[in-house]
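Below you'll find the structure, written out as structure tokens, and then a few comments.
Values reported hereafter were calculated over all heavy atoms of this structure, with side chains retained and with hydrogens, waters and symmetry mates removed. Each chain gets a letter, A, B and so on, in the order its sequence line appears, and its residues count up from 1.
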2 protein chains.
Amino acid sequence: MEQTREAKATGGAEVVAAAIGPCAAIPADRMAFIREVLDRVGDKWSLLLIAVLEPGPLRYTGLQRQVPGISQRMLTLTLRQLQQDGLVSRTAYAEVPPRVEYTLTPLGRGLHEIATSLVGWAAAHHDEIRENRARAMSAQPSAGARG
Amino acid sequence: MEQTREAKATGGAEVVAAAIGPCAAIPADRMAFIREVLDRVGDKWSLLLIAVLEPGPLRYTGLQRQVPGISQRMLTLTLRQLQQDGLVSRTAYAEVPPRVEYTLTPLGRGLHEIATSLVGWAAAHHDEIRENRARAMSAQPSAGARG
DNA sequence: CGGTATCCCCTCTGATACTG
DNA sequence: CAGTATCAGAGGGGATACCG
């Protein structure tokens, strides 16, 4: 995301916003936090892997099995990012059949709590949302396609 | 709709799961929910707009000011999606200087609660994560760039 | 003021093939 | 088993220009 193209426009916008007024309904750092956590777990697989790892450690193949549809590439990539952020830990056993186990760190478990509330909310309201969407799409079919 | 995670596992599934690994597969519907809510609010701006709208109604330009860096295109697009999902409501006043106000619906406010806990988590742990990232990057600079 | 339309790059993601 | 390397497509998102 965040394609830093010399980033002159973004910096300018910040300055302008500050000049116009305080307008600090949402502090800038709050916004930064949202963006940060979203960049981290807002992708297609991170939260899924965390959810799948919550009950206990899993191996590479186990993860592949439990998250249907994920490619080796994305599994490896996402795992590495999670690991770098300290959300998941990787343990390799130097055995004849190579064995690697991935586990949720305490930090990762904390994030899973959040993910759970997110899922809870989605489960509680997804009917409502689907109805809203359907209604909006039948009213304005021109702007309905997403995904 | 609250389905408890391992409450309704079938007998056969349990046996199979026990045979392959330490943890039962994540229910497919759970996975679908995660994907669904992520597709909805996991993008770059949705949660930000919701956060900014929480204190009260805002106009198009106000949103643009309070979310520095957002382009008109993305503001319009995200707003429309939020509106279609019933998370945000739009009110246009037919006045000489056109005026449009965007407000959070009750549904949107509910999602904001979740966003808040996400932000809370990020605020509480972002130092930790940044340290982890820095450490990982200094150890393996080849795979550090993201964002 | 409050948008729409267009162009275009960049990133994410998947498919495929190869390695230790 | 547990990855790595490379290619290619799709779409998100920014810049810019234009309209009611």
Gap between atoms [atom1] and [atom2], on [X] and [N] respectively (whole Å):
| X | N | atom1 | atom2 | value |
| --- | --- | --- | --- | --- |
| L48(A) | dT13(C) | CG | P | 12 Å |
| L77(A) | dA15(C) | CG | P | 15 Å |
| L75(A) | dT4(D) | CG | P | 11 Å |
| R73(B) | dG12(D) | CZ | C1' | 8 Å |
| L38(B) | dG12(D) | CG | P | 14 Å |
| I70(A) | dA2(D) | CD1 | C1' | 14 Å |
| D39(A) | dC10(C) | CG | P | 18 Å |
| Q81(A) | dG3(D) | CD | C1' | 16 Å |

For the backbone of [Y] and the side chain of [X], can you confirm whether one donor and one acceptor N or O come within less than 3.5 Å of each other?
| X | Y | value |
| --- | --- | --- |
| T105(B) | L87(B) | yes |
| R109(B) | L104(B) | yes |
| S138(A) | R135(A) | yes |
| T78(A) | L75(A) | no |

Non-hydrogen side-chain atoms of L79(A) and R90(A) separated by less than 4.5 Å:
no
Any non-hydrogen side-chain atom of Y60(A) less than 4.5 Å from a side-chain atom of Q72(A)?
yes
Give me, pair by pair, the N or O atoms of the protein and of nucleotides 1-3 of chain C that are less than 3.5 Å apart, along with how far apart they are.
{"from": "dC1(C)", "atom 1": "O3'", "to": "R59(B)", "atom 2": "NH2", "distance (Å)": "3.2"}
{"from": "dC1(C)", "atom 1": "O3'", "to": "P98(B)", "atom 2": "O", "distance (Å)": "3.2"}
{"from": "dG2(C)", "atom 1": "OP1", "to": "R59(B)", "atom 2": "NE", "distance (Å)": "2.9"}
{"from": "dG2(C)", "atom 1": "OP1", "to": "R59(B)", "atom 2": "NH2", "distance (Å)": "3.1"}
{"from": "dG2(C)", "atom 1": "OP1", "to": "V100(B)", "atom 2": "N", "distance (Å)": "3.4"}
{"from": "dG2(C)", "atom 1": "OP2", "to": "T61(B)", "atom 2": "N", "distance (Å)": "3.3"}
{"from": "dG2(C)", "atom 1": "OP2", "to": "T61(B)", "atom 2": "OG1", "distance (Å)": "2.2"}
{"from": "dG3(C)", "atom 1": "OP1", "to": "R90(B)", "atom 2": "NH1", "distance (Å)": "2.2"}
{"from": "dG3(C)", "atom 1": "OP2", "to": "Y102(B)", "atom 2": "OH", "distance (Å)": "2.7"}
{"from": "dG3(C)", "atom 1": "N7", "to": "Q72(B)", "atom 2": "OE1", "distance (Å)": "3.3"}
{"from": "dG3(C)", "atom 1": "N7", "to": "Q72(B)", "atom 2": "NE2", "distance (Å)": "3.4"}
{"from": "dG3(C)", "atom 1": "O6", "to": "Q72(B)", "atom 2": "OE1", "distance (Å)": "3.2"}

What does the inter-axis angle of the helix from dC1(C)-dG20(D) to dG20(C)-dC1(D) come out as, five pairs per end, nearest 10 degrees?
40°
Mutual orientation of the aromatic rings belonging to H126(B) and F33(A) [parallel < 30°, tilted 30-60°, perpendicular > 60°]:
perpendicular
Tell me, with the steps shown, if V52(A) and L63(A) meet side-chain contact (heavy atoms from CB on, under 4.5 Å).
CA-CA 7 Å; V52(A) 141; L63(A) 286 166; 3.6 Å; yes
May I have all residue pairs that pass side chain to side chain donor-acceptor pair (under 3.5 Å) and include part of residues 91-100 of chain B, sequence neighbours excluded?
E95(B)-R99(B)
